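Keep in mind it's a predicted model, so treat the numbers as computed, not measured.
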Amino acid sequence: MKLDERCRYAKTHEWARKEGNELVIGISDHAQHSLGDIVFVDLPKVGASFGAGAAFGVVESVKAASDIYVPVAGKITAVNSQLQDSPDLINKDPYGDGWIVRLAPEDPSAFDKLLSPADYEKIAAED
């Protein structure tokens, strides 16, 4: 299982990484591996606001469909439109080209309350 040391993680297997005043969000390498080949991603609308822990989209794989949850409250500022034609980018590069949304957090300090890579690794190992 690959981890990105720059990221913080949610128990629901999403990651968040600070880039300027925004957070880039995706699903972890562990999550994409568990799902298998991803064939579709349902993306939210830019400008939509979500509370922490709310489902903002769906990832469908050959095995299952799974909700994606926003790890911190905020407003969607961008979506990765490449995923509409190439949802498998999440499988190939979950921390890079496979990012899902950018979010302006309501409370930037909420990022610091997410799981560290080491803490997430322990939770993922129990799956």
Value rounded to 0.5 Å, distance of [atom1] in [X] from [atom2] in [Y]:
X     : Y     : atom1 : atom2 : result
Leu83 : Trp99 : CG    : CH2   : 8.0 Å
Asn91 : Asp29 : CG    : CG    : 9.5 Å
Ile27 : Ile68 : CD1   : CD1   : 6.5 Å
Ile90 : Ser61 : CD1   : OG    : 10.5 Å
Gln32 : Asp88 : CD    : CG    : 10.5 Å

Quick one, [X] and [Y] - any side-chain contact, counting heavy atoms below 4.5 Å?
X      : Y      : value
Val101 : Ile25  : yes
Lys18  : Asp112 : yes
Glu121 : Met1   : yes
Tyr9   : Asp4   : yes
Ile100 : Phe56  : yes

Taking every non-hydrogen atom, the tightest pair across [X] and [Y]:
X      : Y      : value
Asp119 : Leu115 : CB-CD2, 4.1 Å
Ala31  : His13  : CB-CB, 3.7 Å
Lys113 : Asp107 : NZ-OD2, 4.3 Å
Thr77  : Glu22  : OG1-OE2, 2.7 Å
Pro105 : Val72  : CB-CG2, 4.2 Å
Val58  : Ala65  : CG1-CB, 4.1 Å

Open item on the list: Check for me, please, whether Val79 and Tyr69 land in the same ILVMFWY cluster - side-chain distances under 4.5 Å, paths through other members count.
Closed with: no

Open item on the list: If hydrophobic clusters are built from ILVMFWY residues whose side chains come within less than 4.5 Å, do Val24 and Leu89 share one?
Closed with: no

TODO: Could you tell me whether the side chains of Tyr120 and Ser28 share a donor-acceptor contact shorter than 3.5 Å?
DONE: yes

- [ ] Classify the ring geometry between Trp15 and Tyr95 as parallel (under 30°), tilted (30 to 60°) or perpendicular (over 60°).
- [x] tilted

Open item on the list: Could you check whether any side-chain N or O of Glu14 sits under 3.5 Å from a backbone N or O of Pro71, counting only pairs where one atom can act as donor and the other as acceptor?
Closed with: no

Task: Side-chain donor/acceptor of Asn21 to backbone N/O of Ala104, under 3.5 Å - done: no

Under 3.5 Å, which donor-acceptor pairs do the side chains of residues 34-54 form with other protein atoms, sequence neighbours left out?
unit_1, atom_1, unit_2, atom_2, d
Ser34, OG, His30, O, 3.0

